[in-house]
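Here the structure is laid out as structure tokens; the discussion comes afterwards.
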Amino acid sequence: MKKIMYSSTNGHPELLDFKEALLRGQAPDKGLYVPDSIPSIPKEELASFSGMEYPEIALCVMRRYLGDLIPEDDLVAILKDAYDFPVPIERVYDEKYVMRLDRGPTFSFKDFAARLMGRLMQYFLKEEGRSMVILTATSGDTGSAVAHAFYGLDNIKVVVLFPEEEVTGRQRKQMTTLGENVTVFAVDGKFDDCQAMVKQAFVDPDFADLNLSSANSINIGRLIPQSIYYFYAWSKVAAKDREIVFSVPCGNFGNVMAGLIAMRMGLPVHKFVIATNENDEFPRFLSTGDYRPISPSVKCISNAMNVGHPSNLARVFWLYEGSMDENGTVVKAPDIEAMRREIFAVCITDSETRAAISDAYNRFDTLLEPHGAVGWAGLARYLKEVEDWSPCVSLETADPAKFPEEVVRAVGLEPPVPESMALLDGMEERFDLVAGEYGSFKEKLSELFRG
Ligand SMILES: *Cc1c(COP(=O)(O)O)cnc(C)c1O
């Protein structure tokens, strides 16, 4: 098997293996790491997926990217441990399905990426006898997925900052009830203040020895694991040579980028529907060829997708032989005709999102939340405006109980609260308050690590 190396989308000449790219996060020229070739999975092997469980399919995908960095027995154990929750694929009607990626510990699809990234980081750090501090600012979902993913792991400490007034009670409790190696600070300020404090800590020479890392969403170690569920879905509803349509609700485009990689690996995909909310910079680009980030981003009810310039677009452009820098400037135009053959992009407004929640529930008894509803509405548009196709899988990226207000508003029903989410209400919280300026945070951080 050829060893895959990783390089920057901005053209930095350095080539790293998976381990180094994972531990580094972002390239020194601010580009994103991409593989120097995309491994393919032969047809016969794909055919064997239909009888496999999730962790087994994960092994077939991941070992191609990891090469010999992790012995197979160790990798099997890591994958079983990371993916120990169900991945339901519900039939809505005919051969149109919803895949629920919301059954992980924090009830969003971000668990799929974060849990494997955390375990891979721990493995490599242990091997080298190194330790690391993950420092991350969150406006809600990312912080809890990252905190849970690294919770209880040796060699890694996690520090999360969140804006005191801007997260919901449940989101906060998903972080503050963990303890052990997870320390949480509520900041008297906005999300931007949290992010500024994190950035300052990264360049503070007093913390140089702590080995700070951000574990942020552009890490290659978070991207690749997301390819796995596309193979899983196909193997369960299509298999053989049948081509499938996937509909993906998109924000930073990590999810759909992983799907596009799965297709390049040989997965028989007929089309990707890229469904955005009113932040429609990509659907506009695909129709006009002109890319304009949206600033400031539009506030929509699918709030995890309120992104005016998706960071993973740099990777999407790379895949289609173009180039885009970290600010969204198109350095080299991609092959837009090829993009249009493989992608149908559509903008779904908030009122269409609400109508989709209510329609899916009233007609098919399928309960969706705003993000998954954007995907479902996008699929409906494709089937109506382009062609009817089967099989189709639309991705649901969060549990409806995370967004009870919108669900109640659309269908008049309280979404059922999963047991472990309900348990949070009675659990003890632990977090510290800090002012929204670096000095007081630095003091706390020094206390924490220097005793
Ligand atoms: C992060 C997130 C998205 C957007 O995913 P991207 O990979 O950033 O496109 C969609 N839905 C939910 C619930 C999310 O948390």
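We count ligands from 1, going down the list as the structure has it; atoms in each ligand are counted the same way. Everything numeric here is computed off the predicted structure, so don't read it as measured data.
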Salt bridge check, Asp359 against Arg363: does any charged N sit closer than 4.0 Å to a carboxylate O? yes
Which heavy atom in Gly436 sits nearest to a heavy atom in Val187, and how many Å separate them? CA-CG1, 3.8 Å
As a test of understanding, state which of Leu260, Val256, Leu267, Leu379 forms a side-chain contact (heavy atoms from CB on, under 4.5 Å) with Phe246. Leu267
With no hydrogens and no angle check, do the side chains of Tyr33 and Gln26 hold a donor and an acceptor under 3.5 Å apart? no
For ligand 1, would you mind listing the residues that have at least one heavy atom less than 4.0 Å away, ordered by chain and number? Phe109, Lys110, Asp141, Cys250, Gly251, Asn252, Phe253, Gly254, Asn255, Ala304, Met305, His371, Thr397, Ala398
Between Asn312 and Arg315, is any side-chain donor less than 3.5 angstrom from a side-chain acceptor? yes
Over 60° means perpendicular and under 30° means parallel, so classify the ring planes of Phe282 and Phe285, tilted if in between. tilted
